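Accompanying notes for the structure given below.
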Amino acid sequence: MKDNSNFSKHLLDWFYNNKREMPWRETKDPYKIWLSEVMLQQTQVNTVRPYYLKFIERFPNIETLAHAEIDEVSKYWEGLGYYSRIRNFHSAVREVRDTYNGIVPSDPEKFLKLKGVGPYTQGAVMSIAFNHKVPAVDGNVYRVFSRLDNDDFDISKPAARRHFEQKVMRVMPDAAGDFNEALMELGATVCTPKAPLCIFCPVMSHCESYMEGNVTERPVKLKKIKKQTEHYKVLVIEKNGKIYIERRPDNGLLQSMWQFPMFHIDTHPDTIEEELNMALHIESTPFMSLKHQFTHLTWHMDVYKAVAIGSVDETNFIEIREKEGYNFPVSMTKIFKKYVDEK
DNA sequence: CATACGTGGCA
DNA sequence: TTGCCAAGTAT
């Protein structure tokens with residue numbers, strides 16, 4: 001970075017004069033800051049906003065959230081993704097109630113020990129809620145400092161976090177929380193991954209990559225994600241106007257969420273009847289096919305209508321309107337919508 | 001250290 | 001259409 005003496009001042013001035021409205025910026029309540037930081041992990045502000053507002057309306061403080069059951073709480077996360085976040089947050093909030101008398105610890109080391117709190121969330125909450133001088137290094141900060149210093153450190157390596165934390169601490173002003181937010185805000189709105197708006201950048205004069213003309217080559221990220229593909233046969237089974245759903249395992253992908261039963265694409269119908277312990281009439285052609293993309297996985301799903309024949313255990317058969325009482329991943333919500341639209 | 005873990009927006 | 005990317009953490 002060129003001439004870092006005025007860097008933090010320029011950045012903070014820009015931040016104060018261009019502050020975007022966000023619900024969690026209206027408070028210094030550590031619980032609300034913490035919730036917003038968890039929601040914002042790998043998730044953009046515009047996606048988070050409506051979820052945050054509904055969540056805070058129902059669970060305005062530690063006590064209301066700690067008192068609620070995880071199945072109800074999870075419903076407020078439906079569609080946000082990375083669902084382990086809410087299980088960990090709920091668990092951590094109960095620990096705050098039980099171990100810290102309902103007060104979010106202001107000691108960074110104690111806070112870091114809570115479930116779902118990593119180095120980023122620790123830094124963000126400790127600096128924003130308590131103004132502790134600790135770094136909060138996320139993807140934005142990687143990018144901003146890669147460019148400021150024309151630094152080719154490979155950000156796909158785990159060691160990158162400590163590398164950039166050191167850079168942040170070298171220029172950290174007293175207004176730690178504002179500074180951490182300003183760095184992220186700069187990355188999100190000006191120093192963007194594609195087509196950065198350098199001419200509007202408040203710290204352009206400090207940016208070595210801008211001077212060098214290679215801003216689009218920073219940051220360096222070498223590792224590529226390799227995606228797997230899986231093909232499934234999905235069944236919407238009806239019985240007396242109700243449909244069959246099942247709970248996913250309590251580990252792995254989409255843990256404990258509900259779904260229509262899914263089988264490897266070439267599973268024989270006899271095997272399906274056996275595994276479900278039902279006699280079925282399955283339609284010969286799917287009523288919908290869909291592709292669902294995860295970060296590391298693609299699901300191709302052929303969805304068939306089916307009818308359960310004879311006497312059946314109706315435990316897991318629900319009315320369509322009852323789906324509001326269960327937590328479904330987006331792939332299943334798409335199937336619900338198509339199924340209902342055709343009725 | 002490498003990989004699993006969701007979803008939506010964008011070019 | 002496809003791949004990349006987003007205020008990361010757990011294992």
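Below, chains carry the letters A, B, ... as their sequence lines are ordered, and counting in each starts from 1. Note that the structure is predicted; figures quoted are calculated from it, not measured.
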Task: Distance between P atoms of C:dA7 and B:dC5 (Å, rounded) - done: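 To the nearest whole Å, 23 Å.
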Task: Separation of the P atoms in B:dG8 and C:dT9, to the nearest angstrom - done: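 Looking at atom P only, B:dG8 and C:dT9 are 22 Å apart.
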Check every atom of [options] against the side chain of [X] and return the nucleotide holding the closest atom.
X	options	answer
A:Pro329	B:dC1, C:dA7, B:dT7	B:dT7
A:Lys223	B:dT3, B:dG8, B:dG6	B:dT3
A:Lys194	C:dG8, C:dG3, B:dG6	C:dG3
A:Gln44	B:dG6, C:dT9, C:dA6	C:dA6
A:His296	B:dA4, C:dT9, C:dA6	B:dA4
A:Pro158	B:dA2, C:dT9, C:dG8	B:dA2
A:Val45	B:dC5, C:dA7, B:dT7	C:dA7

Any [X] side-chain nitrogen or oxygen under 4.0 Å from OP1 or OP2 of [N]:
X	N	answer
A:Tyr142	C:dG8	no
A:Gln41	C:dA7	no
A:His292	B:dG6	no

TODO: For A:Phe328 and for A:Arg162, find the nucleotide of DNA chain B with the closest heavy atom, then tell me which residue's nucleotide is more 5'.
DONE: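 Nearest nucleotide further toward 5': that of A:Arg162.
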- [ ] On DNA chain B, check which nucleotide each of A:Lys226 and A:Tyr83 is closest to and give me the residue with the more 5' one.
- [x] A:Lys226
[X] has an atom [atom1]; how far is it from atom [atom2] of [N], in whole Å?
X	N	atom1	atom2	value
A:Leu80	C:dG8	CG	P	13 Å
A:Ile225	C:dT2	CD1	C1'	12 Å
A:Asn88	C:dG8	CG	P	16 Å
A:Met184	C:dA6	CE	C1'	13 Å
A:Lys157	B:dC1	NZ	P	8 Å
A:Phe111	C:dT9	CZ	P	10 Å
A:Arg161	B:dA2	CZ	P	15 Å
A:Gln122	C:dA10	CD	P	11 Å

Taking any heavy-atom pair under 4.0 Å as a contact, classify [X]: base, sugar-phosphate, or nothing.
X	value
A:Val117	sugar-phosphate
A:Gly79	sugar-phosphate
A:Thr295	base
A:Lys115	sugar-phosphate
A:Met22	base
A:Arg49	nothing
A:Gln293	base
A:Lys291	sugar-phosphate

In this structure, is the centre-to-centre distance between the rings of [Y] and [X] below 6.0 Å?
X	Y	value
A:His264	A:His231	no
A:Phe59	A:Phe55	yes
A:Phe179	A:Phe15	no

Determine whether a donor-acceptor pair (one donor, one acceptor, N or O, separation below 3.5 Å) exists between the side chain of [X] and the base of [N].
X	N	value
A:Tyr120	C:dG8	no
A:Thr43	B:dG6	yes
A:Thr121	C:dG8	no

Open item on the list: Whether A:Lys239 engages the ring of A:Phe317 as a cation-pi pair (distance to the six-membered ring centre under 6.0 angstrom, angle to the ring normal within 45°) should be assessed.
Closed with: no
Task: Aromatic A:Tyr76 / basic A:Lys54 pairing, under 6.0 angstrom, 45° off normal - done: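 No; the conditions do not both hold, so A:Lys54 does not lie above the ring face of A:Tyr76.
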Open item on the list: Please list all pairs meeting salt bridge (Lys or Arg N to Asp or Glu O under 4.0 Å) that have one or both residues in residues 170-190 of chain A, counting only residues at least two apart or in different chains.
Closed with: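 For residues 170-190 of chain A, and leaving out neighbouring residues, the salt bridge (Lys or Arg N to Asp or Glu O under 4.0 Å) pairs sorted by first residue read A:Arg20-A:Glu185, A:Arg25-A:Glu181, A:Arg25-A:Glu185, A:Lys133-A:Asp174.
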Task: Contact summary for A:His296 and A:Leu253, nearest pair of heavy atoms - done: CE1-CD1, 4.4 Å
